[in-house]
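Predicted model, so just to flag it, every value in this text is computed and none were measured.
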Amino acid sequence: MSEAVRSLGTYYLQTYGCQMNEYDSELISWMLEQMHYAPTDDPATADIAVFNTCCIRDNADQKVYGRLGEFKGFKRDNPNQVLAVSGCLAQKDGEEFLQRFSQVDVVVGTHNLTEVPDLVQRVQRGEGRFVRVERVGDSFSLLANPRNTHSAMVTISMGCDQWCTFCIVPYVRGKLKSRPLEQVVSEVKRVVREGRREVMLLGQNVNDYGRDLTPKKDFGDIIRALKGTPGLDRLRFMSPHPAYFTQSVIDALADNPATCGGIHLPVQSGDDEVLKRMRRKYTSAEFLDLVARMRAAIPDLSLSTDIIVGFPGETEEQFQNTLELVRQARFRNAFMFSYSPRPGTPGNLFTDQVPEEVKSDRLQRLIALQNEIAVEENRMLEGQTIEIMVEGRSKKDATRLTGRGRCGRLTHFQCEEDLTGRLARVRIQKAFVWGFQGELEACESRLGEWSLVPPAPSIPVVA
Ligand code: 5AD
Ligand code: SF4
(Lines give C-alpha, C1' and ligand atoms only; values in the text may rest on other atoms or scores of the structure.)
(Ligands and ions follow the chains in the order given, each with its own letter.)
Protein backbone atom coordinates (compact mmCIF):
# COMPACT_ATOMS: atom_id res chain seq x y z
CA MET A 1 0.00 0.00 0.00
CA SER A 2 1.32 3.44 -0.87
CA GLU A 3 2.67 5.40 2.10
CA ALA A 4 0.68 8.40 0.90
CA VAL A 5 -2.56 6.59 1.69
CA ARG A 6 -3.08 6.41 5.43
CA SER A 7 -4.49 3.05 6.42
CA LEU A 8 -7.86 3.00 8.13
CA GLY A 9 -6.75 0.13 10.33
CA THR A 10 -5.38 -3.39 10.23
CA TYR A 11 -6.57 -6.81 9.15
CA TYR A 12 -5.53 -10.25 10.30
CA LEU A 13 -6.04 -13.12 7.87
CA GLN A 14 -5.67 -16.76 8.79
CA THR A 15 -5.82 -19.43 6.09
CA TYR A 16 -6.57 -23.13 6.51
CA GLY A 17 -6.44 -25.89 3.94
CA CYS A 18 -5.39 -26.23 0.37
CA GLN A 19 -3.73 -24.03 -2.25
CA MET A 20 -7.15 -22.98 -3.50
CA ASN A 21 -7.76 -21.41 -0.10
CA GLU A 22 -4.32 -19.78 -0.18
CA TYR A 23 -5.34 -18.24 -3.47
CA ASP A 24 -8.73 -17.07 -2.15
CA SER A 25 -6.85 -15.47 0.76
CA GLU A 26 -4.77 -13.51 -1.74
CA LEU A 27 -8.03 -12.22 -3.23
CA ILE A 28 -9.40 -11.32 0.21
CA SER A 29 -6.19 -9.55 1.14
CA TRP A 30 -6.31 -7.55 -2.13
CA MET A 31 -9.89 -6.45 -1.35
CA LEU A 32 -9.04 -5.44 2.23
CA GLU A 33 -6.05 -3.45 1.04
CA GLN A 34 -8.29 -1.70 -1.48
CA MET A 35 -10.34 -0.66 1.58
CA HIS A 36 -7.08 0.81 2.98
CA TYR A 37 -6.52 -1.77 5.68
CA ALA A 38 -2.96 -2.94 6.30
CA PRO A 39 -1.98 -6.51 7.21
CA THR A 40 -1.01 -7.38 10.78
CA ASP A 41 0.19 -10.53 12.54
CA ASP A 42 -1.54 -9.54 15.74
CA PRO A 43 -5.06 -10.99 15.92
CA ALA A 44 -5.81 -9.28 19.24
CA THR A 45 -5.58 -5.71 17.97
CA ALA A 46 -6.73 -6.18 14.35
CA ASP A 47 -9.77 -4.18 13.24
CA ILE A 48 -10.82 -6.90 10.84
CA ALA A 49 -10.07 -10.61 11.33
CA VAL A 50 -10.81 -13.13 8.60
CA PHE A 51 -10.69 -16.92 8.91
CA ASN A 52 -10.52 -18.53 5.50
CA THR A 53 -11.53 -22.07 6.33
CA CYS A 54 -11.34 -25.68 5.11
CA CYS A 55 -13.64 -28.66 5.79
CA ILE A 56 -11.99 -31.47 3.84
CA ARG A 57 -11.54 -33.62 6.96
CA ASP A 58 -13.06 -33.45 10.42
CA ASN A 59 -9.80 -32.26 12.01
CA ALA A 60 -9.86 -29.22 9.69
CA ASP A 61 -13.29 -28.29 11.12
CA GLN A 62 -12.12 -28.79 14.70
CA LYS A 63 -9.05 -26.58 14.22
CA VAL A 64 -11.21 -23.65 13.14
CA TYR A 65 -13.77 -24.10 15.93
CA GLY A 66 -10.91 -24.23 18.45
CA ARG A 67 -9.20 -21.09 17.18
CA LEU A 68 -12.49 -19.17 17.03
CA GLY A 69 -12.77 -19.63 20.79
CA GLU A 70 -9.67 -17.47 21.30
CA PHE A 71 -11.31 -14.64 19.39
CA LYS A 72 -14.04 -14.39 21.98
CA GLY A 73 -11.38 -13.02 24.34
CA PHE A 74 -9.85 -10.70 21.71
CA LYS A 75 -13.23 -9.25 21.02
CA ARG A 76 -13.91 -8.50 24.69
CA ASP A 77 -10.84 -6.21 24.72
CA ASN A 78 -11.33 -4.93 21.17
CA PRO A 79 -15.13 -4.74 20.76
CA ASN A 80 -15.03 -3.02 17.36
CA GLN A 81 -13.19 -5.90 15.76
CA VAL A 82 -15.15 -7.42 12.87
CA LEU A 83 -14.71 -11.19 12.67
CA ALA A 84 -15.49 -12.85 9.33
CA VAL A 85 -15.42 -16.55 8.48
CA SER A 86 -15.06 -17.42 4.80
CA GLY A 87 -14.38 -20.48 2.67
CA CYS A 88 -15.47 -24.11 2.67
CA LEU A 89 -16.44 -24.52 6.31
CA ALA A 90 -18.43 -21.25 6.10
CA GLN A 91 -20.22 -22.68 3.07
CA LYS A 92 -20.90 -25.95 4.88
CA ASP A 93 -22.05 -24.56 8.26
CA GLY A 94 -23.57 -21.23 7.14
CA GLU A 95 -26.03 -19.78 9.64
CA GLU A 96 -24.90 -22.26 12.30
CA PHE A 97 -21.72 -20.19 12.77
CA LEU A 98 -23.65 -17.18 14.00
CA GLN A 99 -25.67 -19.33 16.38
CA ARG A 100 -22.68 -21.20 17.79
CA PHE A 101 -20.20 -18.32 17.96
CA SER A 102 -21.45 -14.95 19.17
CA GLN A 103 -18.07 -13.39 18.26
CA VAL A 104 -18.59 -14.07 14.52
CA ASP A 105 -20.08 -11.16 12.53
CA VAL A 106 -19.86 -12.29 8.92
CA VAL A 107 -20.07 -15.71 7.23
CA VAL A 108 -19.21 -15.79 3.51
CA GLY A 109 -19.21 -18.96 1.46
CA THR A 110 -16.94 -19.93 -1.41
CA HIS A 111 -19.08 -18.18 -4.05
CA ASN A 112 -19.50 -14.86 -2.26
CA LEU A 113 -15.95 -13.70 -1.54
CA THR A 114 -16.51 -10.45 -3.42
CA GLU A 115 -19.04 -9.43 -0.74
CA VAL A 116 -16.47 -9.37 2.07
CA PRO A 117 -15.73 -5.59 1.94
CA ASP A 118 -19.39 -4.58 1.80
CA LEU A 119 -20.44 -6.90 4.63
CA VAL A 120 -17.53 -5.81 6.84
CA GLN A 121 -18.50 -2.16 6.35
CA ARG A 122 -22.13 -2.91 7.15
CA VAL A 123 -21.09 -4.55 10.42
CA GLN A 124 -18.91 -1.51 11.19
CA ARG A 125 -21.95 0.70 10.64
CA GLY A 126 -23.87 -1.39 13.16
CA GLU A 127 -26.27 -2.91 10.65
CA GLY A 128 -26.09 -6.39 12.14
CA ARG A 129 -24.48 -9.75 11.40
CA PHE A 130 -24.55 -11.38 7.95
CA VAL A 131 -24.49 -14.78 6.26
CA ARG A 132 -23.92 -15.14 2.50
CA VAL A 133 -23.66 -18.69 1.21
CA GLU A 134 -25.66 -18.48 -2.02
CA ARG A 135 -24.24 -20.26 -5.02
CA VAL A 136 -24.01 -17.15 -7.15
CA GLY A 137 -21.24 -14.86 -8.27
CA ASP A 138 -17.61 -15.63 -8.85
CA SER A 139 -14.29 -14.12 -7.98
CA PHE A 140 -12.57 -14.45 -11.35
CA SER A 141 -12.63 -10.68 -11.74
CA LEU A 142 -10.57 -10.03 -8.59
CA LEU A 143 -6.82 -9.52 -8.54
CA ALA A 144 -4.70 -11.72 -6.32
CA ASN A 145 -2.26 -10.12 -3.92
CA PRO A 146 0.62 -12.61 -4.08
CA ARG A 147 2.67 -12.75 -0.89
CA ASN A 148 5.54 -14.20 -2.83
CA THR A 149 7.89 -12.17 -4.97
CA HIS A 150 8.94 -15.01 -7.24
CA SER A 151 5.91 -17.26 -7.50
CA ALA A 152 2.20 -16.73 -8.16
CA MET A 153 -0.94 -18.82 -8.25
CA VAL A 154 -3.41 -18.40 -11.09
CA THR A 155 -6.84 -20.05 -10.94
CA ILE A 156 -7.95 -21.75 -14.12
CA SER A 157 -11.21 -23.20 -12.84
CA MET A 158 -13.35 -23.40 -9.75
CA GLY A 159 -15.47 -26.28 -8.48
CA CYS A 160 -15.51 -29.93 -9.43
CA ASP A 161 -17.98 -32.31 -11.11
CA GLN A 162 -16.38 -35.57 -10.06
CA TRP A 163 -18.31 -36.38 -6.90
CA CYS A 164 -15.72 -38.78 -5.50
CA THR A 165 -17.69 -40.46 -2.72
CA PHE A 166 -15.33 -39.42 0.09
CA CYS A 167 -15.06 -35.77 -0.90
CA ILE A 168 -16.99 -32.72 0.25
CA VAL A 169 -15.42 -30.33 -2.29
CA PRO A 170 -18.19 -30.44 -4.95
CA TYR A 171 -20.75 -29.65 -2.22
CA VAL A 172 -18.92 -26.57 -0.94
CA ARG A 173 -17.17 -25.37 -4.10
CA GLY A 174 -19.90 -26.14 -6.61
CA LYS A 175 -19.80 -27.31 -10.21
CA LEU A 176 -16.85 -26.91 -12.55
CA LYS A 177 -16.55 -23.37 -13.82
CA SER A 178 -13.64 -22.73 -16.14
CA ARG A 179 -12.13 -19.37 -16.70
CA PRO A 180 -11.85 -18.27 -20.35
CA LEU A 181 -8.51 -19.29 -21.84
CA GLU A 182 -7.57 -15.71 -22.81
CA GLN A 183 -8.16 -14.57 -19.20
CA VAL A 184 -5.89 -17.30 -17.84
CA VAL A 185 -3.16 -16.54 -20.34
CA SER A 186 -3.31 -12.80 -19.77
CA GLU A 187 -3.19 -13.21 -15.99
CA VAL A 188 -0.16 -15.50 -16.26
CA LYS A 189 1.53 -12.92 -18.50
CA ARG A 190 0.67 -10.13 -16.05
CA VAL A 191 2.16 -11.89 -13.02
CA VAL A 192 5.26 -12.85 -15.02
CA ARG A 193 5.68 -9.24 -16.20
CA GLU A 194 5.47 -8.22 -12.54
CA GLY A 195 8.48 -10.44 -11.85
CA ARG A 196 7.02 -13.82 -10.85
CA ARG A 197 8.97 -16.50 -12.63
CA GLU A 198 7.05 -19.47 -11.28
CA VAL A 199 3.33 -19.94 -11.85
CA MET A 200 1.07 -22.51 -10.23
CA LEU A 201 -2.13 -23.12 -12.21
CA LEU A 202 -4.90 -23.95 -9.78
CA GLY A 203 -8.15 -25.83 -9.99
CA GLN A 204 -9.90 -28.56 -8.03
CA ASN A 205 -9.48 -30.78 -11.06
CA VAL A 206 -7.17 -28.88 -13.43
CA ASN A 207 -7.24 -31.30 -16.31
CA ASP A 208 -11.04 -31.27 -16.54
CA TYR A 209 -10.53 -27.62 -17.56
CA GLY A 210 -12.60 -26.22 -20.40
CA ARG A 211 -15.26 -28.94 -20.74
CA ASP A 212 -17.87 -26.31 -19.80
CA LEU A 213 -16.59 -23.61 -22.19
CA THR A 214 -17.99 -22.86 -25.65
CA PRO A 215 -16.15 -23.77 -27.76
CA LYS A 216 -14.69 -26.49 -25.53
CA LYS A 217 -11.09 -26.20 -24.44
CA ASP A 218 -8.80 -28.56 -22.58
CA PHE A 219 -5.94 -28.28 -20.13
CA GLY A 220 -3.43 -28.93 -22.92
CA ASP A 221 -4.62 -25.71 -24.62
CA ILE A 222 -3.41 -23.68 -21.63
CA ILE A 223 -0.04 -25.43 -21.52
CA ARG A 224 0.41 -24.90 -25.27
CA ALA A 225 -0.67 -21.23 -25.05
CA LEU A 226 1.89 -20.57 -22.32
CA LYS A 227 4.79 -22.18 -24.19
CA GLY A 228 7.58 -19.67 -24.72
CA THR A 229 6.19 -17.00 -22.35
CA PRO A 230 9.28 -14.85 -21.73
CA GLY A 231 10.26 -14.88 -18.05
CA LEU A 232 8.15 -17.92 -17.14
CA ASP A 233 10.81 -20.36 -15.89
CA ARG A 234 8.65 -22.77 -13.95
CA LEU A 235 5.13 -23.93 -14.67
CA ARG A 236 3.32 -26.05 -12.08
CA PHE A 237 -0.30 -27.07 -11.61
CA MET A 238 -2.52 -28.75 -9.06
CA SER A 239 -4.37 -30.97 -8.84
CA PRO A 240 -4.88 -33.16 -11.87
CA HIS A 241 -7.19 -36.19 -11.91
CA PRO A 242 -5.57 -39.38 -13.28
CA ALA A 243 -8.67 -40.28 -15.34
CA TYR A 244 -8.40 -37.00 -17.29
CA PHE A 245 -4.67 -37.09 -17.93
CA THR A 246 -4.90 -37.59 -21.69
CA GLN A 247 -1.94 -38.30 -23.95
CA SER A 248 -2.49 -34.89 -25.52
CA VAL A 249 -2.01 -33.22 -22.11
CA ILE A 250 1.13 -35.30 -21.48
CA ASP A 251 2.49 -34.27 -24.90
CA ALA A 252 1.72 -30.59 -24.28
CA LEU A 253 3.55 -30.74 -20.93
CA ALA A 254 6.54 -32.52 -22.46
CA ASP A 255 6.70 -29.90 -25.20
CA ASN A 256 6.80 -26.90 -22.82
CA PRO A 257 10.28 -26.38 -21.32
CA ALA A 258 8.81 -24.49 -18.35
CA THR A 259 6.95 -27.63 -17.14
CA CYS A 260 8.38 -28.76 -13.83
CA GLY A 261 8.91 -32.48 -13.27
CA GLY A 262 7.44 -32.26 -9.78
CA ILE A 263 3.83 -33.20 -10.51
CA HIS A 264 1.15 -33.97 -7.94
CA LEU A 265 -1.10 -36.82 -9.04
CA PRO A 266 -3.56 -38.02 -6.37
CA VAL A 267 -4.14 -41.78 -6.56
CA GLN A 268 -6.24 -42.20 -3.34
CA SER A 269 -6.08 -46.02 -3.31
CA GLY A 270 -4.30 -48.90 -5.04
CA ASP A 271 -7.24 -51.30 -4.95
CA ASP A 272 -9.65 -51.52 -7.87
CA GLU A 273 -12.73 -52.26 -5.78
CA VAL A 274 -12.01 -49.36 -3.40
CA LEU A 275 -11.29 -47.05 -6.35
CA LYS A 276 -14.67 -48.02 -7.80
CA ARG A 277 -16.45 -47.32 -4.51
CA MET A 278 -14.60 -44.01 -4.34
CA ARG A 279 -15.86 -43.31 -7.89
CA ARG A 280 -12.38 -42.55 -9.17
CA LYS A 281 -12.87 -43.87 -12.75
CA TYR A 282 -9.52 -45.66 -13.12
CA THR A 283 -7.96 -48.93 -12.02
CA SER A 284 -4.57 -49.37 -10.39
CA ALA A 285 -3.22 -50.82 -13.68
CA GLU A 286 -4.47 -47.77 -15.60
CA PHE A 287 -2.84 -45.48 -13.04
CA LEU A 288 0.50 -47.30 -13.31
CA ASP A 289 0.28 -47.23 -17.10
CA LEU A 290 -0.31 -43.47 -16.94
CA VAL A 291 2.74 -43.07 -14.69
CA ALA A 292 4.85 -45.05 -17.17
CA ARG A 293 3.68 -42.88 -20.10
CA MET A 294 4.34 -39.71 -18.11
CA ARG A 295 7.85 -40.91 -17.20
CA ALA A 296 8.58 -41.69 -20.83
CA ALA A 297 7.51 -38.22 -21.95
CA ILE A 298 8.80 -36.14 -19.01
CA PRO A 299 12.24 -37.50 -18.09
CA ASP A 300 12.62 -35.51 -14.84
CA LEU A 301 9.15 -36.56 -13.61
CA SER A 302 8.99 -36.66 -9.83
CA LEU A 303 5.54 -37.62 -8.61
CA SER A 304 3.79 -36.84 -5.38
CA THR A 305 0.33 -38.10 -4.47
CA ASP A 306 -2.57 -38.21 -2.01
CA ILE A 307 -3.68 -41.50 -0.45
CA ILE A 308 -6.61 -42.28 1.82
CA VAL A 309 -6.55 -45.36 4.05
CA GLY A 310 -9.56 -46.93 5.75
CA PHE A 311 -12.19 -45.93 3.21
CA PRO A 312 -15.45 -47.74 4.18
CA GLY A 313 -15.23 -51.45 3.50
CA GLU A 314 -11.46 -51.45 2.91
CA THR A 315 -10.13 -54.91 3.87
CA GLU A 316 -6.55 -55.70 4.89
CA GLU A 317 -6.05 -57.30 1.47
CA GLN A 318 -7.29 -54.17 -0.29
CA PHE A 319 -4.98 -52.06 1.87
CA GLN A 320 -2.12 -54.38 0.83
CA ASN A 321 -2.95 -53.50 -2.79
CA THR A 322 -2.40 -49.84 -1.91
CA LEU A 323 1.00 -50.70 -0.40
CA GLU A 324 1.84 -52.62 -3.58
CA LEU A 325 0.91 -49.68 -5.79
CA VAL A 326 3.05 -47.40 -3.63
CA ARG A 327 5.99 -49.80 -4.07
CA GLN A 328 5.55 -49.76 -7.83
CA ALA A 329 4.79 -46.07 -8.42
CA ARG A 330 7.70 -44.84 -6.25
CA PHE A 331 6.30 -41.46 -5.29
CA ARG A 332 8.74 -38.77 -4.19
CA ASN A 333 6.22 -37.67 -1.61
CA ALA A 334 2.73 -38.59 -0.46
CA PHE A 335 0.09 -36.86 1.62
CA MET A 336 -1.48 -39.72 3.50
CA PHE A 337 -4.82 -39.49 5.27
CA SER A 338 -7.04 -41.61 7.41
CA TYR A 339 -10.56 -41.56 5.95
CA SER A 340 -12.76 -38.96 7.64
CA PRO A 341 -16.52 -39.29 7.02
CA ARG A 342 -17.91 -35.98 5.73
CA PRO A 343 -21.57 -35.10 6.26
CA GLY A 344 -23.63 -35.20 3.07
CA THR A 345 -21.18 -37.37 1.08
CA PRO A 346 -22.05 -40.96 0.05
CA GLY A 347 -19.03 -42.27 1.99
CA ASN A 348 -20.62 -41.04 5.19
CA LEU A 349 -23.64 -43.28 4.55
CA PHE A 350 -21.68 -46.47 3.87
CA THR A 351 -22.40 -48.81 6.76
CA ASP A 352 -19.06 -50.66 6.68
CA GLN A 353 -16.94 -47.92 8.28
CA VAL A 354 -13.45 -49.05 9.28
CA PRO A 355 -12.69 -48.75 13.03
CA GLU A 356 -10.41 -45.85 14.03
CA GLU A 357 -7.66 -48.09 15.41
CA VAL A 358 -7.51 -50.09 12.16
CA LYS A 359 -7.32 -46.87 10.12
CA SER A 360 -4.55 -45.45 12.26
CA ASP A 361 -2.57 -48.72 12.15
CA ARG A 362 -2.82 -48.78 8.33
CA LEU A 363 -1.82 -45.14 8.12
CA GLN A 364 1.31 -45.80 10.19
CA ARG A 365 2.31 -48.74 8.00
CA LEU A 366 1.73 -46.75 4.82
CA ILE A 367 3.75 -43.80 6.12
CA ALA A 368 6.64 -46.11 7.10
CA LEU A 369 6.75 -47.64 3.61
CA GLN A 370 6.44 -44.32 1.77
CA ASN A 371 9.15 -42.74 3.95
CA GLU A 372 11.56 -45.56 3.03
CA ILE A 373 10.81 -45.02 -0.66
CA ALA A 374 11.17 -41.23 -0.40
CA VAL A 375 14.62 -41.54 1.19
CA GLU A 376 15.72 -44.13 -1.40
CA GLU A 377 14.52 -41.93 -4.26
CA ASN A 378 16.13 -38.82 -2.75
CA ARG A 379 19.46 -40.61 -2.12
CA MET A 380 19.79 -41.22 -5.84
CA LEU A 381 20.36 -37.49 -6.22
CA GLU A 382 23.18 -37.25 -3.65
CA GLY A 383 26.25 -35.75 -5.28
CA GLN A 384 24.25 -34.22 -8.14
CA THR A 385 23.66 -30.52 -8.71
CA ILE A 386 20.10 -29.27 -9.04
CA GLU A 387 18.49 -25.91 -9.76
CA ILE A 388 16.77 -24.32 -6.77
CA MET A 389 14.34 -21.42 -6.75
CA VAL A 390 15.20 -19.69 -3.47
CA GLU A 391 12.14 -19.02 -1.29
CA GLY A 392 13.81 -17.34 1.68
CA ARG A 393 15.60 -18.01 4.96
CA SER A 394 15.01 -21.30 6.72
CA LYS A 395 12.68 -20.79 9.71
CA LYS A 396 14.79 -23.09 11.89
CA ASP A 397 18.25 -21.81 11.00
CA ALA A 398 18.67 -18.22 9.81
CA THR A 399 22.11 -18.93 8.30
CA ARG A 400 20.44 -21.16 5.72
CA LEU A 401 18.40 -20.46 2.64
CA THR A 402 15.57 -22.68 1.58
CA GLY A 403 14.03 -23.34 -1.81
CA ARG A 404 12.69 -25.98 -4.16
CA GLY A 405 14.06 -27.88 -7.09
CA ARG A 406 12.06 -28.30 -10.28
CA CYS A 407 11.19 -31.69 -8.80
CA GLY A 408 9.39 -29.90 -5.94
CA ARG A 409 11.77 -31.15 -3.25
CA LEU A 410 12.70 -28.81 -0.42
CA THR A 411 16.42 -27.99 -0.23
CA HIS A 412 18.35 -26.12 2.47
CA PHE A 413 21.84 -24.68 2.05
CA GLN A 414 24.16 -22.29 3.88
CA CYS A 415 24.40 -18.80 2.42
CA GLU A 416 24.90 -15.38 3.94
CA GLU A 417 23.55 -13.39 1.03
CA ASP A 418 19.78 -13.28 0.65
CA LEU A 419 19.05 -14.87 -2.73
CA THR A 420 15.25 -14.90 -2.36
CA GLY A 421 13.56 -15.12 -5.75
CA ARG A 422 16.75 -16.09 -7.56
CA LEU A 423 17.85 -19.38 -9.04
CA ALA A 424 20.80 -21.20 -7.50
CA ARG A 425 22.71 -24.36 -8.37
CA VAL A 426 23.06 -26.52 -5.32
CA ARG A 427 25.03 -29.74 -4.93
CA ILE A 428 23.09 -32.31 -2.92
CA GLN A 429 25.12 -33.42 0.10
CA LYS A 430 22.56 -35.37 2.10
CA ALA A 431 19.09 -36.71 1.37
CA PHE A 432 16.27 -36.95 3.90
CA VAL A 433 12.58 -37.93 3.73
CA TRP A 434 11.60 -34.29 3.30
CA GLY A 435 14.27 -33.28 0.78
CA PHE A 436 17.91 -32.25 0.78
CA GLN A 437 20.70 -30.45 2.48
CA GLY A 438 23.10 -29.06 -0.08
CA GLU A 439 25.97 -26.77 -0.88
CA LEU A 440 25.68 -23.66 -3.03
CA GLU A 441 27.74 -23.88 -6.22
CA ALA A 442 26.50 -20.99 -8.32
CA CYS A 443 23.76 -18.43 -8.26
CA GLU A 444 22.20 -15.73 -10.36
CA SER A 445 23.20 -12.14 -9.82
CA ARG A 446 20.46 -9.55 -9.44
CA LEU A 447 20.81 -8.97 -13.17
CA GLY A 448 20.19 -12.62 -13.91
CA GLU A 449 23.79 -13.59 -14.79
CA TRP A 450 25.24 -16.73 -13.24
CA SER A 451 28.29 -16.51 -11.02
CA LEU A 452 30.24 -19.18 -9.22
CA VAL A 453 30.22 -19.11 -5.45
CA PRO A 454 31.84 -17.40 -3.71
CA PRO A 455 31.60 -14.62 -6.29
CA ALA A 456 35.01 -13.69 -7.68
CA PRO A 457 36.26 -10.46 -6.06
CA SER A 458 36.01 -7.60 -8.50
CA ILE A 459 39.44 -6.61 -9.78
CA PRO A 460 40.05 -2.87 -9.76
CA VAL A 461 40.62 -1.54 -13.24
CA VAL A 462 44.10 -0.01 -13.44
CA ALA A 463 44.51 2.66 -16.08
N1 5AD B 1 -11.08 -38.16 4.34
C2 5AD B 1 -9.74 -38.22 4.22
N3 5AD B 1 -9.06 -37.62 3.25
C4 5AD B 1 -9.76 -36.90 2.34
N5 5AD B 1 -9.36 -36.20 1.28
C6 5AD B 1 -10.46 -35.67 0.69
N7 5AD B 1 -11.56 -36.02 1.39
C8 5AD B 1 -11.15 -36.79 2.41
C9 5AD B 1 -11.82 -37.46 3.46
N10 5AD B 1 -13.14 -37.42 3.58
C11 5AD B 1 -7.99 -36.12 0.82
C12 5AD B 1 -7.82 -36.67 -0.59
C13 5AD B 1 -7.60 -35.42 -1.40
C14 5AD B 1 -6.90 -34.53 -0.42
C15 5AD B 1 -6.90 -33.08 -0.74
O16 5AD B 1 -7.59 -34.76 0.80
O17 5AD B 1 -6.69 -37.51 -0.61
O18 5AD B 1 -6.85 -35.65 -2.58
FE1 SF4 C 1 -12.86 -34.04 -4.51
FE2 SF4 C 1 -10.78 -34.03 -6.22
FE3 SF4 C 1 -12.71 -35.93 -6.39
FE4 SF4 C 1 -13.24 -33.40 -7.09
S5 SF4 C 1 -11.76 -34.83 -8.10
S6 SF4 C 1 -14.54 -34.73 -5.85
S7 SF4 C 1 -12.01 -32.25 -5.58
S8 SF4 C 1 -11.24 -35.61 -4.69
**Prompt:** Do Thr110 side-chain atoms and Val172 backbone N/O form a donor-acceptor pair below 3.5 Å?
**Reply:** yes

**Item:** CD on Glu449 to SG on Cys443, rounded to 0.5 Å
**Value:** 11.5 Å

**Prompt:** Between CG of Leu419 and CZ of Arg393, what distance do you get to the nearest 0.5 Å?
**Reply:** 8.0 Å

**Request:** Ignoring hydrogens and angles, tell me if any N or O in the side chain of Gln353 forms a donor-acceptor pair with the backbone of Gly347 under 3.5 Å.
**Result:** yes

**Request:** Output yes when a side-chain donor or acceptor of Arg196 lies under 3.5 Å from a complementary backbone atom of Asn148, and no otherwise.
**Result:** yes

**Prompt:** How far apart are the closest heavy atoms of Cys88 and Cys54, and which atoms are they?
**Reply:** CB-CA, 4.2 Å

**Request:** Could you give me the CA-CA distance, side-chain angles and deciding distance for Tyr11 and Glu33, then say whether side-chain hydrogen bond (donor to acceptor under 3.5 Å, both in side chains) is met?
**Result:** CA-CA 9 Å; Tyr11 72 89; Glu33 293 189 20; 2.6 Å; yes

**Request:** Considering non-hydrogen atoms only, spot the tightest contact between Asp208 and Leu176 and give its length.
**Result:** O-CD2, 3.5 Å

**Prompt:** Parallel, tilted or perpendicular: which describes the rings of Tyr339 and Phe311, with under 30° parallel and over 60° perpendicular?
**Reply:** perpendicular

**Request:** Output, in order, the C-alpha distance, side-chain angles, deciding distance and verdict of side chain to side chain contact (heavy atoms under 4.5 Å, CB included) for Arg342 and Cys55.
**Result:** CA-CA 8 Å; Arg342 299 283 62 205; Cys55 63; 4.1 Å; yes

**Message:** Just by distance, no angles: are the side chains of Gln320 and Glu324 close enough, under 3.5 Å, to form a donor-acceptor pair?
**Reply:** no

**Asked** Between Asp271, Asp272, Asn321, which is the residue that forms a side chain to side chain donor-acceptor pair (under 3.5 Å) with Ser284?
**Response** Asp272

**Asked** Is there a donor-acceptor contact under 3.5 Å from the side chain of Thr53 to the main chain of Ser86?
**Response** yes

**Request:** Give a yes or no on whether the backbone of Gly270 and the side-chain of Thr322 come within a donor-acceptor separation of less than 3.5 Å.
**Result:** yes

**Prompt:** Looking only at atom types and distance, does a side-chain atom of Arg332 sit under 3.5 Å from a main-chain N or O of Cys407, one as donor and one as acceptor?
**Reply:** yes

**Asked** Between Phe219 and Phe237, is the ring centre distance below 6.0 Å?
**Response** yes

**Request:** Using distance alone, with no hydrogens and no angle criterion, decide if Asn52 and Ser25 have a side-chain donor and acceptor under 3.5 Å apart.
**Result:** yes

**Check: Arg179 side chain, Thr155 main-chain N or O, donor-acceptor pair, under 3.5 Å** = yes

**Asked** Is it true that a side-chain atom of Asn112 and a backbone atom of Glu115 form a donor plus acceptor pair closer than 3.5 Å?
**Response** no

**Item:** Short side-chain donor-acceptor distance under 3.5 Å, Gln414 and Thr399
**Value:** yes

**Prompt:** Taking the side chain from Glu382 and the backbone from Ala431, do they hold a donor-acceptor pair closer than 3.5 Å?
**Reply:** yes

**Asked** Quick one: does NZ or CZ of Arg277 land under 6.0 Å from the six-membered ring centre of Phe350, within 45 degrees of the ring axis?
**Response** yes

**Request:** Tell me, yes or no, whether the heavy-atom count around Glu134 atom CD, taken from other residues, nucleotides or ligands under 6.0 Å, exceeds 12.
**Result:** yes

**Prompt:** Just wondering, are more than 12 heavy atoms of other shown residues or ligands nearer than 6.0 Å to CG in Asp352?
**Reply:** yes

**Request:** Give a yes-or-no answer on whether the side chains of Gln162 and Arg279 include a donor-acceptor pair shorter than 3.5 Å.
**Result:** no

**Prompt:** Charged N to carboxylate O below 4.0 Å: is that the case for Glu316 and Arg362?
**Reply:** yes

**Item:** Spacing of OH belonging to Tyr209 relative to NZ belonging to Lys216, to within rounding of 0.5 Å
**Value:** 13.5 Å

**Prompt:** Any idea which heavy atoms bring Gly261 and Ile298 closest together, and the distance?
**Reply:** CA-CG2, 4.4 Å

**Fill in**
One should read off an interatomic distance between Leu13 CG and Ile28 CD1, to the nearest 0.5 angstrom, of 6.0 Å

**Complete:** Here the pair of heavy atoms bringing Phe287 nearest to Leu325 is CD2-CD1, 4.1 Å

**Item:** Nearest-0.5 Å distance that lies between atom NZ in Lys175 and atom SG in Cys160
**Value:** 10.5 Å

**Prompt:** Arg409 and Asn378: side-chain hydrogen bond (donor to acceptor under 3.5 Å, both in side chains), yes or no, with the steps?
**Reply:** CA-CA 9 Å; Arg409 290 173 173 99; Asn378 290 352; 2.4 Å; yes

**Complete:** From the list Glu441, Arg427, Arg425, side chain to side chain donor-acceptor pair (under 3.5 Å) partner of Thr385 resolves to Glu441

**Request:** Carefully, step by step, assess Glu376 and Arg330 under the rule salt bridge (charged side-chain N to carboxylate O under 4.0 Å, His left out).
**Result:** CA-CA 9 Å; Glu376 282 167 16; Arg330 300 201 66 83; 2.7 Å; yes

**Prompt:** Is there a donor-acceptor pair under 3.5 Å between the side chain of Thr305 and the backbone N or O of Val267?
**Reply:** yes

**Message:** Side chains of Asp93 and Tyr65 only: does a donor on one sit below 3.5 Å from an acceptor on the other?
**Reply:** yes

**Complete:** Separation between CE (Met31) and CG (Leu143), nearest 0.5 Å, reads 11.0 Å

**Request:** Evaluate side-chain hydrogen bond (donor to acceptor under 3.5 Å, both in side chains) for His264 paired with Asp306, printing each intermediate quantity in order.
**Result:** CA-CA 8 Å; His264 188 65; Asp306 292 340; 3.0 Å; yes

**Request:** Give the ring-plane orientation class for His241 versus Tyr244, where under 30° counts as parallel, over 60° as perpendicular and anything between as tilted.
**Result:** perpendicular

**Prompt:** Does Lys430 make a cation-pi contact with Phe432 (under 6.0 Å, within 45 degrees of the axis)?
**Reply:** yes

